[in-house]
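Below: the structure, in structure tokens.
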Amino acid sequence: MVALQEKVSHFTHLQCSQCDKVYPADEVISYASCERCGKNPLCTMYDHLEGITPADIDSKERSMWRYFSLLPVFDRKNIVSLGEGFTPILPLERLAKKLDVEHLFLKDESLNPTGSFKARGMSMAISKAKELGISRCIVPTAGNAGGAMSAYCAKAGIQALVVMPEHTPEVFKKECLLYGAELVLERGLISDCAKRVVQINKDLSYFDISTLKEPYRLEGKKTMGYEIAEQMEWNLPDVILYPTGGGTGLIGMWKAFREMIEMGWITTRLPRMIAVQAENCQPIVETWLGNQKDSKSYVGKATFANGLAVPNPFGEQMILKVLTESNGKPVSVSEMEITTNMREIAQCEGLLVAPEGAALWGALKKLVAENFISRDEKILLLNTGSGYKYLENLA
Ligand SMILES: *Cc1c(COP(=O)(O)O)cnc(C)c1O
Ligand SMILES: [Zn+2]
């Protein structure tokens, strides 16, 4: 347990995202969601944000930990870092010309440890796990989260168990094993892996790092929002396209923007947030269109973009709220488009992005064609991972 006098972060408590019930900051929350209103994610809350300025950014630290004062780790000695975050924002000049748009950028998360932005969430989650004295972690994954958790657990000396769909490309399985994790393969999608995790963890001997059932991964993803603002000199893009599975990146960036408004760091209008999904698994699109009340019984299919194969996102209400508040919306892209998009980005820009990231380009074309995005707007594609891990599935 962390002694409060060691506290250097502004983290004060956790709070339910739906009913506002408060939970203490220094306890292991093992029930994985709000116990009062049922299954709703908990959010990390801070006090005295208004006193923090951009001068508090640790500008010598070239990782996401430069925002330490806005993160939930109390003691720096508990940070488990492999150099995650602080990724570049690249102009996509040739693609912009092709589509006839003026300002097109890509934040390249493929450069993170283990090749995806999952590193941010896992660096944060495993740092907090270390701070809370946890020795065993478990996670259901569509691929990248498993590798990232395994790597950070290795670094922290924490035991890791990963449950992954058996159809996932070999690279995703091998990296977990190389990092020393135990790997369980499951038939089906991440939702089936999640059920298996509950089964394996009946006695709660593992700490469950599932998306949004563990509150701190979100805080790691939040750092993308801070970086975008800082790198764009506090003038946010007009639109951000984000490949949405469980939605932590989308929710995390929005949380960062809200915190920066509270601190007075940004005063301009916030970006419209676009949740991009694969047609094979598009629960958010279906709910948005009113084809279902929610995603709880949505049945999805596997997709080349593994990370988007999340049929029943636990944080659905939070995702929908971001889309509504930002005047954004969800869009989906077919398997064929994703493959074509991946090649097009590689050939025009020299970037081998993950299929999830490639889907953003297909979505952008649609949104420009229907005038949802105009040609003079500042557009940011958030590429979440590296294409190298998926090549086995590329025909
Ligand atoms: C996990 C993942 C996603 C989806 O992220 P969420 O936070 O679950 O929405 C997108 N792209 C890649 C490469 C991923 O690994
Ligand atoms: Zn609640």
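Numbering of ligands and ligand atoms starts at 1, following listing order.
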Is any N or O atom of [X], backbone or side chain, closer than 3.5 Å to an N or O atom of ligand 1?
| X | result |
| --- | --- |
| S116 | no |
| F117 | no |
| Y242 | yes |

At the Zn ion (ligand 2), what's the angle from C37 SG to C16 SG, rounded to 10 degrees?
-> 100°

Closest to atom 7 (O) of ligand 1 by heavy-atom distance, out of L382, T384, T248, is T248

Winner among K118, Q277, E356 once heavy atoms are compared against atom 14 (C) of ligand 1 |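 Selected option, by shortest heavy-atom distance: K118.
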
Between [X] and [Y] (side chain of the first, backbone of the second, donor and acceptor by atom type, cut-off under 3.5 Å), is there such a pair?
| X | Y | result |
| --- | --- | --- |
| Q277 | T244 | yes |
| E131 | D75 | yes |
| S123 | V80 | yes |

Whether [X] lies under 4.0 Å from ligand 1, heavy atom:
| X | value |
| --- | --- |
| F172 | no |
| G247 | yes |
| E109 | no |

Is it the case that R76 places NZ or CZ above or below the six-membered ring of F68, under 6.0 angstrom from the centre and within 45 degrees of the axis?
->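 The answer is yes; both the distance and angle limits are met.
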
Cation over ring face, K128 and F11, 6.0 Å, 45° = no

Using a distance-only test with no angle check, is there a side-chain donor-acceptor pair under 3.5 angstrom linking T340 and E337?
-> no

